[in-house]
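For the single chain, residues carry numbers from 1 onward in sequence order. Just so you know, these numbers come straight off a predicted model, no measurement behind them. Counting starts at 1 for both ligands and their atoms, following the listed order.
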Amino acid sequence: MLAAVAWEAGKPLSIEEVEVAPPQAHEVRLKILFTSLCHTDVYFWEAKGQTPLFPRIFGHEAGGIVESVGPGVTDFQPGDQVLPVFTGECGDCSHCKSEESNMCDLLRINTDRGVMLTDGKSRFSIKGKPVYHFVGTSTFSEYTVCHVGSVAKINPAAPLDKVCILSCGVSTGLGAALNVAKPKKGHSVAVFGLGAVGLAAAEGARLSGASRIIGVDLNPIRFNEAKRFGVTEFVNPKDHKKPVQEVIAEMTGGGVDRSIECTGNVQAMISAFECVHDGWGVAVLVGVPNKDDVFKTHPMNLLNERTLKGTFFGNYKPRTDLPGVVEKYMNKELEVEKFITHSVPFTEINKAFDYMLRGEGLRCIIRMGN
Ligand code: NAD
Ligand code: ZN
């Protein structure tokens, strides 16, 4: 079976014959049909501010069908249409039982583990040598093995070439707005970073009735795209001498009601926090920082009644809530097509990396079988 293997940090992936072992207890083997590239894959492939772990099969935004199930697996059958998710839901821990958390004790995102939980081994090998997994999904492969808690069964009629992007970026941004920032009707919302995650957050803000959505990005190309997502105003920090939080405070009479950071840049995270209004403003961090980043702000910014939050996967519980996000698409409450700007066959997967590195477009769908 073919997989796109990252042998070294920052080097083009190479499509190789890889053996994919059968699923063990509590595991399923998936046939991936469509996958896409999220910036988190790129950070760990570049491994600049992250732990390097190679050779590795990246990929976590994808859709496929169950090919086979491991011993004791009763809730999946071959042929089920599924989305693998980078953060799981065991269903039994205190987080899974809490209404408020999606940070499962067993299966929450772990970017440094490259093996399966069941036995601490990889299911991928090339000529007997193991290849590491990534966030329990490794979807840049025709077949992959996942823990059942990291796989959501979805409507069999949903088109996987579209809804695959709901398995990470779009649900993350949407949930960061709807479930965490929770803007009210008439609110002003700043969105830092206008990639797919940020524009999904803008979409969530729009659905919540926000009246002003201020998009912040260093890449002016993003502003054209963002107009299609209800972003009403744009700020490029490079156009101003003052820190962007001061620019936003001036634009809004003291600060925005909500801000959502989707860049992964720690300075942008600080600005996103400091640009919310004192007394009630809420900032939500979504971007994945570098390993050594430190968030620095004066404690008075918090004492003055600003709230700082963070979220993985928009606070959605992957198995419980993701099927419902797919239904939003099926019911036409949520548009997914506008996030898809490119599509390439699996053999050209490196082009998807080029687009993201150039800041061109939003999501690139990688077609596995064709
Ligand atoms: P992307 O590269 O498509 O978009 C990021 C955007 O941020 C780009 O347009 C870039 O120009 C802009 N940007 C970068 N630095 C900036 C700065 N200092 N100020 C303003 N804008 C800046 O990436 P994406 O796939 O949309 O992902 C966005 C972020 O969300 C990444 O950090 C990714 O790792 C993270 N992410 C987090 C979760 C989660 O669950 N928390 C899930 C998915 C992605
Ligand atoms: Zn992602």
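Of all the heavy atoms in L362 and M356, the pair that sits closest is O-CE, 4.3 Å. Considering all non-hydrogen atoms of both residues, V5 and E16 come closest at CG2-CG, 3.7 Å. Contact detail for I32 and T139: the closest heavy-atom pair is CG2-O, 3.6 Å.
Between F313 and ligand 1 there is a heavy-atom distance shorter than 4.0 Å. Contact analysis puts A196 in contact with ligand 1, with a non-hydrogen atom separation below 4.0 angstrom. Between C262 and ligand 1 there is a heavy-atom distance shorter than 4.0 Å. Not a single heavy atom of Q267 sits less than 4.0 Å from an atom of ligand 1.
In summary, the atoms of ligand 1 found under 4.0 Å from a heavy atom of N219, numbered by their order in the structure, are 11 (O). Heavy-atom proximity to T172, at under 4.0 Å, picks out these atoms of ligand 1: 38 (C), 39 (C), 40 (O), 42 (C). Contact atoms of ligand 1 toward G193: 6 (C), 7 (O), 12 (C) (distance under 4.0 Å to a heavy atom of the residue). The atoms of ligand 1 that sit less than 4.0 Å from any heavy atom of F86 are 40 (O). Applying the 4.0 Å criterion to heavy atoms of G287 picks out, from ligand 1, the atoms 29 (C), 30 (O), 32 (O), 35 (C). Close approach of ligand 1 to C38 (heavy-atom distance below 4.0 Å) involves ligand atoms 43 (C), 44 (C). Close approach of ligand 1 to G264 (heavy-atom distance below 4.0 Å) involves ligand atoms 32 (O).
Tested against R363 for a salt bridge (Lys or Arg N to Asp or Glu O under 4.0 Å), the candidates E225, E61, E337 yield a single pass: E61.
A side-chain donor-acceptor contact under 3.5 Å links D293 to the backbone of N290. Under the 3.5 Å distance criterion, the side-chain polar atoms of D257 are left unmatched by any main-chain donor or acceptor of G281.
In this structure, R306 does not pair ionically with E274, as no charged nitrogen and carboxylate oxygen lie closer than 4.0 Å.
For T40, heavy-atom contacts with ligand 1 shorter than 4.0 Å involve the backbone as well as the side chain. At a heavy-atom cutoff of 4.0 Å, ligand 1 is contacted by no atom of E261, backbone or side chain. Proximity of C168 to ligand 1, defined as any heavy-atom pair under 4.0 Å, is confined to the side chain (atoms from C-beta onward). If you look at Y43 next to ligand 1, the close heavy atoms, those under 4.0 Å, all belong to the side chain.
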Before you tell me yes or no, could you show the steps for R367 and S343 under side chain to side chain contact (heavy atoms under 4.5 Å, CB included), namely the whole-Å CA-CA distance, both residues' side-chain angles and the distance that decides it to 0.1 Å? CA-CA 7 Å; R367 309 186 298 272; S343 166; 2.5 Å; yes
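Taking backbone and side-chain atoms together, H39 has no N/O/S atom less than 2.8 Å away from the Zn ion (ligand 2).
With L362, V170, V197, L357 as candidates, the residue nearest to atom 26 (O) of ligand 1 on a non-hydrogen basis is V197. Across the listed options T263, D41, I221, T263 owns the non-hydrogen atom lying nearest to atom 13 (N) of ligand 1.
For the Zn ion (ligand 2), the nearest N, O or S atom contributed by H60 is named NE2.
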